[in-house]
Amino acid sequence: MVLKSKYMFYFLKNLGSFFPVRLLLDYLKFNRLILLSWLLPFLFITGVAGEKFGVQTLFLTPEYMGTVNVVAFMFVGLATGSFIMAFHIASYVVMAHRHPFIVRLSKPFYRYAINNSAIPLAYLLLYLIISATYQARYELQSAGVIVFHLLAFLLGVVVFVYLSFGFFYLVVKIVPRLIRYLRLKIKISNKLNFHLLKYLTDKDADNKIKESPIENDMGVKDGFYLLSFFKIRPIGKYTHFTRQQFKQVFQYQHVNAFSYVTFVLVLVIIRGLIKDVPELIIPAGASFLILLTVLLLTTSLFYIVFGKWTVVVIFSVLFLFGYFSPFNMMKYSNSAYGMDYSKNESVNLFSHGNFRQDSLNTIHILNRWKKKNSSVDGSKSKPKMVIICASGGGLKMAVWTYYALGYADSVLNGKLLNHVGLITGASGGMLGAACLRENYLRYQQGKEQHVFSIDKTNRLSKDILNPVFYTFSMSDWFFRLQTFRYNNKTYFKDRAYIFEETLNRNIGNILDKPLADYRKPVQEAIIPMMILTPAIENVGSRLYISSVGVSYLTKVPEGMQIKNIELRHNYARFQPDSLRYLSAIRMNATFPYVSPDVELPGKPEIYLIDAGLNDNFGFITAYLFVMEFKQWIEKNTSGVILIRLDENTKVDYHYISSPIKSMLRPLGSVFTDWINIQEDNYLPVVGSLEKVLPGKFKMMTFAFGGGDKHVPLSWHLTKYDKRILFNSIHSKENRRNIDILKKELN
């Protein structure tokens with residue numbers, strides 16, 4: 001017992017020479033880049049980064065086939081195992097030569113990985129704790145289900161790690177024997193070898209011998225290492241090894257690492273070609289970890305070849321590949337499906353449509369709208385016009401817009417949608433509004449029994465982010481090879497395509513139609529006008545997309561140059577009426593990195609991004625519309641009710657500082673507050689309509705959440721998020737707004 005105490009005292013006294021501790025110190029001294037590879041996973045699971053965008057959810061409550069289940073956790077576990085193995089391999093390739101005593105150990109890479117597991121074990125422990133809490137709060141899971149999920153996660157980690165070590169055993173033991181056997185059988189000369197690989201590994205091994213301590217110290221090394229997770233051993237001597245033996249071990253292990261890296265990269269590339277099979281699409285969190293795995297393995301592969309020049313070479317390759325590659329990775333963009341990209345013609349962006357004719361055509365639509373609403377109860381009173389401004393905000397705003405408007409319309413016995421003259425806005429809000437408008441059309445055509453239902457709401461709330469992020473992680477970052485045909489035209493399959501296909505599948509194919517299909521229903525006032533306004537990335541202006549002419553919205557004061565453009569007028573030669581409506585919705589909701597920006601056909605190259613960049617609320621479009629038809633509105637209606645769909649936001653001037661916020665200030669603040677900046681600028685503009693239409697303008701907001709009931713900006717919702725959305729319709733303010741609508745529309 002005394003002997004054990006002395007041994008423990010000696011161990012604690014020399015903790016700095018403990019191999020796992022020395023490895024951590026070496027990361028700080030020599031390889032901070034490998035250490036930083038763990039930064040994003042730690043930031044994501046703790047919610048320090050990406051919490052507002054729902055990134056934390058993708059890791060802690062992953063989904064497979066639309067539900068949080070044991071298979072999803074197994075996939076995340078497998079992906080986590082792949083990242084851990086990539087970390088071990090990259091570390092071994094870059095740093096093992098600095099600790100030459102491992103050469104004398106049996107299974108040197110396995111022993112190295114055990115001692116290199118401090119960071120992975122810390123991550124796993126933290127993940128288990130946070131995920132258990134997160135599942136209970138946001139997915140409302142029972143303790144038994146949570147334990148089952150986490151066991152599946154750990155099983156996935158263990159399975160991948162030990163299958164990887166099995167691969168190394170296969171390479172070390174079986175493959176050389178198989179090669180020797182084949183050479184004997186088919187009588188291939190033993191002189192045949194991989195000269196380039198041998199040259200590269202020889203050169204790499206020589207460089208490592210120069211950096212290794214064996215050049216200066218071939219004596220006894222003090223310190224301890226982990227023989228297993230529960231056994232500690234002293235490092236001991238390695239003087240009996242020659243420089244050539246060290247070189248052979250380094251060289252041999254790097255060949256094995258090269259084989260593993262190549263094998264994994266081939267699997268990832270093959271796996272990335274599978275996009276259209278929902279059963280084979282893994283959770284987004286797992287996809288991200290696989291992307292990190294590929295980056296780490298590629299870095300270690302480059303290190304074998306280029307040594308200290310690895311970072312410079314990688315950035316040079318990325319730049320050159322992106323600039324000269326036909327896949328044009330550095331200018332990655334997508335197409336507007338249905339439009340014609342075969343013509344390389346110039347587009348006159350400064351010409352405007354026929355303002356007068358488009359305005360008169362819209363007045364004809366408004367007259368039909370008035371006739372429809374005047375004949376509802378047989379009275380001659382002037383109807384109220386309702387304008388919908390649906391704010392952007394990903395899936396939460398899509399579900400809230402559909403649910404709030406649908407619920408209000410059902411309570412009002414269909415009178416709300418009958419009175420809507422215009423729908424505009426951005427991103428997710430317009431997706432929800434488009435689904436509601438389509439169901440409203442199908443109901444009038446006898447194709448649906450109800451405009452609004454809980455089943456339709458649940459379908460709209462299904463996950464979109466997982467398949468999109470899967471495609472980004474597994475293929476989009478490198479190349480696009482697969483294509484598909486739409487409207488007899490060929491386009492690339494990428495995450496934009498997956499976004500549309502997933503959305504289309506979720507909502508039941510109801511928006512899979514060309515823009516022109518909505519022209520007649522809009523002209524006959526069967527459904528309200530809907531104007532999409534994606535932002536033009538080149539100059540920050542708007543592109544107006546509508547099934548009818550709305551060129552009057554592009555008017556500017558005399559002598560000024562037109563900046564806003566209209567799709568159907570300016571791109572008339574590129575078949576704008578054939579634009580897939582799902583693509584129009586996607587163009588209006590092109591959130592950075594989630595979906596690639598859209599490049600319009602023709603010259604110059606025009607790129608589109610989320611409408612929220614310019615006007616997240618649709619206020620400006622609504623204002624311009626009212627001002628254009630002010631006289632008609634005054635004469636033919638009893639006023640305008642502008643309904644805004646948004647999230648409850650409380651004004652709070654308290655600034656909560658953090659190291660990350662301090663580094664990003666003030667640019668970070670401008671980015672996060674961009675929507676608030678728009679609201680402050682545009683609300684007074686819309687508010688001025690009270691003076692334009694004195695006594696005939698009213699504005700109300702249907703909002704959800706607020707306070708601690710925050711729903712992340714994402715294309716993914718948890719059960720807790722959905723509960724907030726569905727319960728919010730019964731808030732005091734929303735019930736009051738419904739009562740006001742009852743009075744106003746009657």
Inset, instruction - Please list, chain by chain and in numerical order, all residues satisfying salt bridge (charged side-chain N to carboxylate O under 4.0 Å, His left out) with Arg586, sequence neighbours excluded. - result: Glu500

Legend entry - Neighbour count >12 (heavy atoms, 6.0 Å) for atom NZ, Lys447: no

Legend entry - Glu628: side chain to side chain contact (heavy atoms under 4.5 Å, CB included) partners, not counting sequence neighbours: Ser359, Tyr552, Lys555

Inset, instruction - State which residues pass salt bridge (charged side-chain N to carboxylate O under 4.0 Å, His left out) with Arg519; sequence neighbours excluded, sorted by chain then number. - result: Asp577

Inset, instruction - Indicate whether the side chain of Asn334 and that of Asp494 have a donor and an acceptor atom separated by less than 3.5 Å. - result: yes

Inset, instruction - Determine whether more than 12 heavy atoms belonging to other residues, nucleotides or ligands lie under 6.0 Å from atom CZ of Arg485. - result: yes

Legend entry - All side chain to side chain contact (heavy atoms under 4.5 Å, CB included) counterparts of Ser578, not counting sequence neighbours: Asn487, Gln575

Inset, instruction - Would you please say whether a donor-acceptor pair under 3.5 Å links the side chains of His569 and Ser351? - result: yes

Legend entry - Arg644 to Phe702, cation-pi by 6.0 Å centre distance and 45° axis angle: no

Inset, instruction - May I have all residue pairs that pass salt bridge (charged side-chain N to carboxylate O under 4.0 Å, His left out) and include part of residues 682-696, sequence neighbours excluded? - result: none

Inset, instruction - Applying side chain to side chain contact (heavy atoms under 4.5 Å, CB included), name anything that partners Pro694, two or more places apart in sequence or on another chain. - result: none

Inset, instruction - Let me know which of Leu465, Asp463, Leu725, Ile464 forms a side chain to side chain contact (heavy atoms under 4.5 Å, CB included) with Leu717. - result: Leu725

Legend entry - Residue list, side-chain hydrogen bond (donor to acceptor under 3.5 Å, both in side chains) with Ser547, at least two apart or on another chain: none

Legend entry - Asn509 and Asp512 side chains, donor-acceptor separation under 3.5 Å: no

Legend entry - Side-chain donor or acceptor of Asp646 paired with backbone N/O of Ala703 under 3.5 Å: no

Inset, instruction - With sequence neighbours excluded, give me every salt bridge (charged side-chain N to carboxylate O under 4.0 Å, His left out) pair touching residues 384-398. - result: Lys384-Glu744, Lys396-Glu647

Inset, instruction - Would you please name every residue forming a salt bridge (charged side-chain N to carboxylate O under 4.0 Å, His left out) with Arg368, sequence neighbours left out? - result: none

Inset, instruction - Would you please classify the geometry between the Tyr403 ring and the Trp400 ring as parallel, tilted or perpendicular, with 30° and 60° separating the classes? - result: tilted

Legend entry - Donor on one side chain, acceptor on other, Arg542 and Asn614, under 3.5 Å: yes

Inset, instruction - May I ask you to decide if Ala584's main-chain N or O and Asn588's side chain share a donor-acceptor pair within less than 3.5 Å? - result: no

Inset, instruction - Could you tell me how the ring of Phe484 sits relative to the ring of Tyr491: parallel (under 30°), tilted (30 to 60°) or perpendicular (over 60°)? - result: tilted

Legend entry - Salt bridge flag under 4.0 Å for residues Lys630 and Glu634: yes

Legend entry - Qualifying residues under side chain to side chain contact (heavy atoms under 4.5 Å, CB included), relative to Ile585, sequence neighbours excluded: Leu431, Ala434, Leu532, Tyr581

Inset, instruction - Check whether the side chains of Thr554 and Asn564 place a donor and an acceptor atom closer than 3.5 Å, and report yes or no. - result: no

Inset, instruction - Not counting sequence neighbours, which residues clear side-chain hydrogen bond (donor to acceptor under 3.5 Å, both in side chains) with Glu438? List them please. - result: Lys513, Tyr518

Inset, instruction - Step through the shown structure and confirm whether more than 12 heavy atoms of other residues, nucleotides or ligands are within 6.0 Å of NZ on Lys698. - result: no

Inset, instruction - Return the set of residues passing salt bridge (charged side-chain N to carboxylate O under 4.0 Å, His left out) with Lys603 (not counting sequence neighbours), or none when no residue passes. - result: Glu605

Inset, instruction - Give a yes/no verdict on a cation-pi contact between Arg580 and Tyr486, requiring under 6.0 Å between NZ or CZ and the six-membered ring centre and an angle within 45° of the axis. - result: yes

